[in-house]
Number of protein chains: 2
Amino acid sequence: MGERRESKKRETRQRISDVATELFFARGFDAVTLDEIAAAASVSKMTVFNYFARKEDLMLDRQDDLKLLFFREAIRARPQGQSPIAELRVLMGKLREQKHPFAHFDRHAADFWRFVVASPSLEARLRELNDEAAEGLAIELAGPTPDGLARLAAGMIVLTVRTAREEAVRVFERGGSAKKANAVFFALIDQGFAAVQAMAATDARGQSP
Amino acid sequence: MGERRESKKRETRQRISDVATELFFARGFDAVTLDEIAAAASVSKMTVFNYFARKEDLMLDRQDDLKLLFFREAIRARPQGQSPIAELRVLMGKLREQKHPFAHFDRHAADFWRFVVASPSLEARLRELNDEAAEGLAIELAGPTPDGLARLAAGMIVLTVRTAREEAVRVFERGGSAKKANAVFFALIDQGFAAVQAMAATDARGQSP
DNA sequence: GCGGAAATATTGACCGAGTATAATATCCTG
DNA sequence: CAGGATATTATACTCGGTCAATATTTCCGC
């Protein structure tokens, strides 16, 4: 594959994505049609589908892969003897200290998430991505064919992150500060992760005494 | 409202639902169009939408309300001093003894769920129903405006039921017996519910010492 | 550079779910 | 049976998404 071709593809993809994002924020996700996006990006509708399989992916593309990526990395690099869930708690603590964008809520992030939730189809796609992330995490926790407990733990972790995010956004909606929102976020994360960690540990004791 | 009118409505609704279910199982959910269903039920497409807002509701209608209904009832009727989650564990134990259909897996149930999961749109709708059930449960746990922890607990309960069901279905897919499937189901239920119960209890101690 | 193979974009027709609206049939009440 | 309410229907439309055929571009060996 030639270099020039690839850069052009990246360019086209980026242009479509930019144009779409702009239109979406200006007029709402559901009010913008794919034909409009295609026209505004000077491509055909088919080309849009070429780069983004679904309309929703124009906004959520790679939104949730990110989460999984961080988790995977942390789990793989954890010190000997450390349980994966415990390591995820450590990771969240680090991200908090660094005010890392993935785990830091400002007004901009709140706007983004409120925008997503305002559209049923975007929210539906988000749920789907969450499920995919959970399955990926389960595999990370327990290998290629995770058992029920690993799936449950992974699902709970993803659910905790999601719920914590939702609550953080709610803080903004009630006029709270970014500081307060982040406090709420990490409080919930910690409670959820701790519960999952305890569940996994209980099982390990129960299975092999 | 007249009696005859209402019975006729029930009749029509039932006929549409029956006809649709039959067609779905015969040829797959996505391969059957609403026009076909309408024709087979001797009714117009609009009438179908009159009774079922979405195509998916022809299969999942009230599938998940049920869950919430049971939980609500149990929580409201629980003895003084009993925590809601603890009561849900008691409820599941009872349902298990009774081999109650809601908590009992046979081959027929497994077929149904495999059918649902075979269609992306059905699965998406199921996720949506799960979220609604979780929100309803959160309200049951903590009143009309539940806090983050109540939402997290409710979400975890619903997730546990879902994951346990999925694992039970997997047992069937691997050729396991109904007995084994039910054992897997209740084992996961218990682990999940116990973890949530511990989480809620920890918080109660942490908040007001 | 140039010609042919392969990837990619485009076109235009198509499908099916879901909506809007206005007209018509059916039932209930008085 | 009249008249109002409510169900049902026909029709036409929107939009996301797919398909198949065609055109265009890009790459690579010559």
Side-chain angles (χ1 to χ4, degrees), chain A residues 1-17 19-21 23-24 27-61 116 118-129, chain B residues 1-17 19-21 23-24 26-61 116 118-128:
Chain A
M1 178 81 58
E3 186 51 44
R4 181 147 157 230
R5 203 186 190 109
E6 283 210 341
S7 77
K8 210 164 194 180
K9 279 181 73 174
R10 269 195 306 271
E11 220 173 83
T12 305
R13 184 193 164 95
Q14 194 60 45
R15 189 173 72 249
I16 294 172
S17 174
V19 159
T21 305
L23 287 175
F24 287 154
R27 295 173 22 216
F29 183 79
D30 298 299
V32 179
T33 71
L34 278 168
D35 284 315
E36 286 176 304
I37 296 169
S42 311
V43 293
S44 78
K45 194 173 70 162
M46 277 301 299
T47 304
V48 177
F49 278 116
N50 230 340
Y51 289 100
F52 302 90
R54 296 176 209 70
K55 187 188 180 187
E56 291 80 31
D57 291 350
L58 283 161
M59 289 236 52
L60 295 179
D61 197 41
V116 169
S119 155
S121 52
L122 273 180
E123 210 184 2
R125 178 65 178 143
L126 190 58
R127 276 191 280 263
E128 209 174 333
L129 290 173
Chain B
M1 178 79 58
E3 186 51 43
R4 183 152 159 222
R5 204 182 193 116
E6 283 209 341
S7 76
K8 211 164 194 180
K9 278 182 73 172
R10 269 196 306 272
E11 220 174 84
T12 304
R13 184 193 164 95
Q14 194 60 45
R15 189 174 72 249
I16 294 172
S17 173
V19 159
T21 304
L23 287 175
F24 287 152
R27 296 176 19 221
F29 183 79
D30 298 300
V32 179
T33 72
L34 278 168
D35 284 314
E36 287 176 305
I37 296 168
S42 309
V43 103
S44 82
K45 192 174 73 160
M46 281 299 301
T47 302
V48 177
F49 277 116
N50 230 343
Y51 288 100
F52 303 90
R54 296 176 208 70
K55 187 188 179 186
E56 291 79 29
D57 292 349
L58 283 162
M59 289 237 50
L60 295 179
D61 197 41
V116 168
S119 156
S121 53
L122 272 180
E123 209 184 3
R125 178 67 179 141
L126 190 59
R127 276 191 281 262
E128 210 174 334

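Naming: A, B, ... by sequence-line order, numbering from 1 per chain.
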Can you measure [X] atom [atom1] to [N] atom [atom2] for me and round it to whole angstrom units?
X: A:Leu23; N: D:dC15; atom1: CG; atom2: P; result: 14 Å
X: B:Arg125; N: C:dA17; atom1: CZ; atom2: C1'; result: 14 Å
X: A:Glu56; N: D:dC15; atom1: CD; atom2: P; result: 15 Å
X: A:Arg13; N: C:dA9; atom1: CZ; atom2: C1'; result: 17 Å
X: A:Lys55; N: C:dA17; atom1: NZ; atom2: P; result: 19 Å
X: A:Asp30; N: C:dG18; atom1: CG; atom2: P; result: 14 Å
X: A:Phe52; N: D:dT18; atom1: CZ; atom2: P; result: 15 Å
X: A:Glu36; N: D:dT14; atom1: CD; atom2: P; result: 13 Å

Looking only at heavy atoms, what is the nearest atom pair of B:Ala38 and B:Lys45, with distance? CB-N, 3.7 Å
Quick check: closest heavy atoms across A:Thr21 and A:Leu58, and the distance to 0.1 Å? OG1-O, 4.3 Å
Can you confirm if the NZ or CZ of B:Lys55 lies within 45° of the ring axis of B:Phe24 and under 6.0 Å from the centre of its six-membered ring? no
Any [X] side-chain N or O less than 4.0 Å from OP1/OP2 of [N]:
X: B:Lys8; N: C:dC27; answer: yes
X: B:Lys9; N: D:dA7; answer: yes
X: A:Asn50; N: C:dA9; answer: yes

Tell me, please, which residues at least two apart from B:Tyr51 pass ring pair (Phe, Tyr, Trp, His ring centres under 6.0 Å). none
At a heavy-atom distance below 4.0 Å, what parts of residues 37-48 of chain B sit against DNA chain C? B:Lys45, B:Met46
Do B:Ser42 and B:Val19 come within less than 4.5 Å of each other through their side chains, counting heavy atoms only?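 The answer is no, as the side chains (C-beta and beyond) never meet within the 4.5 Å cut-off.
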Non-hydrogen side-chain atoms of A:Phe49 and A:Leu34 separated by less than 4.5 Å: yes
Among the candidates [options], find the nucleotide nearest to the side-chain atoms of [X].
X: A:Tyr51; options: C:dA9, C:dG18, D:dG17; result: C:dA9
X: A:Thr33; options: C:dA9, D:dG16, C:dG18; result: D:dG16
X: B:Phe49; options: C:dT19, C:dG16, D:dG17; result: C:dT19

Strictly below 4.0 Å, N to O, side chains only: are A:Arg125 and A:Glu128 in salt-bridge contact? yes
